[in-house]
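Just so it is clear, the structure is predicted and the values come from calculations on it, not from any experiment.
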Amino acid sequence: LVESERKKAIRLSIVDVAAGIALQEGGLVATGRNGYRTVRATKGVSEGSFYFEVSVEHLGQTGCVRLGVGTQWADLQGPVGFDSHSYAFCSRSGDVANNSRPQ
């Protein structure tokens with residue numbers, strides 16, 4: 001990466017985002033309706049330790065969320081954990097999902 005890119009804050013990507021997800025507040029907030037979809041961050045990791053923080057502000061009575069990690073090949077039009085290229089924590093069950101199966 002160019003040095004100036006290293007200093008930029010990580011956001012949700014306006015390029016790697018599924019149809020049906022709206023990004024607000026400069027890529028810090030994602031809102032979706034009608035099923036699971038995926039959005040990637042502007043930077044990835046390939047090794048070492050890392051963490052990220054998420055605040056879920058509103059799900060509604062029937063809402064749920066999956067939070068996780070995936071490769072650049074993970075399907076954006078499905079939920080994270082949908083295919084073999086991503087893993088997710090599921091809010092309803094607390095299970096970890098990969099390839100659409102609880103682990």
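- For the pair Q24 and T31, the minimum side-chain heavy-atom distance is below 4.5 Å.
- Listed for the S55 side chain is no donor-acceptor partner under 3.5 Å among the backbone atoms of E57.
- Contact of the N98 side chain with the V96 side chain is not registered, since no non-hydrogen atoms from C-beta on lie closer than 4.5 Å.
- For D95 (side chain) and P102 (main-chain N/O), no donor-acceptor pair under 3.5 Å exists by modelled atom type.
- With rounding to the nearest 0.5 Å, the separation of OG in S91 from CG in L67 is 8.0 Å.
- To the nearest 0.5 Å, the span separating CZ on F50 from NZ on K43 amounts to 15.0 Å.
- In this structure the side chain of T42 never reaches within 4.5 angstrom of the side chain of L12, judged on heavy atoms.
- Across all non-hydrogen atoms, the minimal contact from A41 to S13 is O-CB, 4.0 Å.
- Heavy-atom minimum distance, A18 versus R37: CB-CB, 3.7 Å.
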| Passes side-chain contact (heavy atoms from CB on, under 4.5 Å), V17 versus R40? Steps please. | CA-CA 6 Å; V17 59; R40 286 195 258 279; over 6 Å; no

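- Side-chain contact between F52 and V69 is present, with heavy atoms from C-beta onward closer than 4.5 Å.
- V54 and I21 are assigned to two separate hydrophobic clusters, defined by single-linkage of ILVMFWY side chains at heavy-atom distances under 4.5 Å.
- Side-chain atoms of L23 and V39, non-hydrogen and from C-beta on, do get closer than 4.5 Å to each other.
- Looking at S86, its side chain does come within 3.5 Å of a backbone N or O of G81 through a donor-acceptor pair.
- Residues Y36 and L59 do not share a hydrophobic cluster, defined by chaining ILVMFWY side chains whose heavy atoms lie under 4.5 Å apart.
- Side chains of T38 and Q77 form no contact here, defined as non-hydrogen atoms less than 4.5 Å apart.
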| Criterion side-chain contact (heavy atoms from CB on, under 4.5 Å) on W73 and S84, from CA distance to verdict | CA-CA 9 Å; W73 298 284; S84 63; over 6 Å; no

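- For R11 (side chain) and G26 (main-chain N/O), a donor-acceptor pair under 3.5 Å exists by modelled atom type.
- Listed by first and then second residue, the side chain to side chain donor-acceptor pair (under 3.5 Å) pairs involving residues 45-54 amount to none (not counting sequence neighbours).
- Annotation: the span from R66 atom CZ to R92 atom CZ amounts to 10.5 Å, rounded to 0.5 Å.
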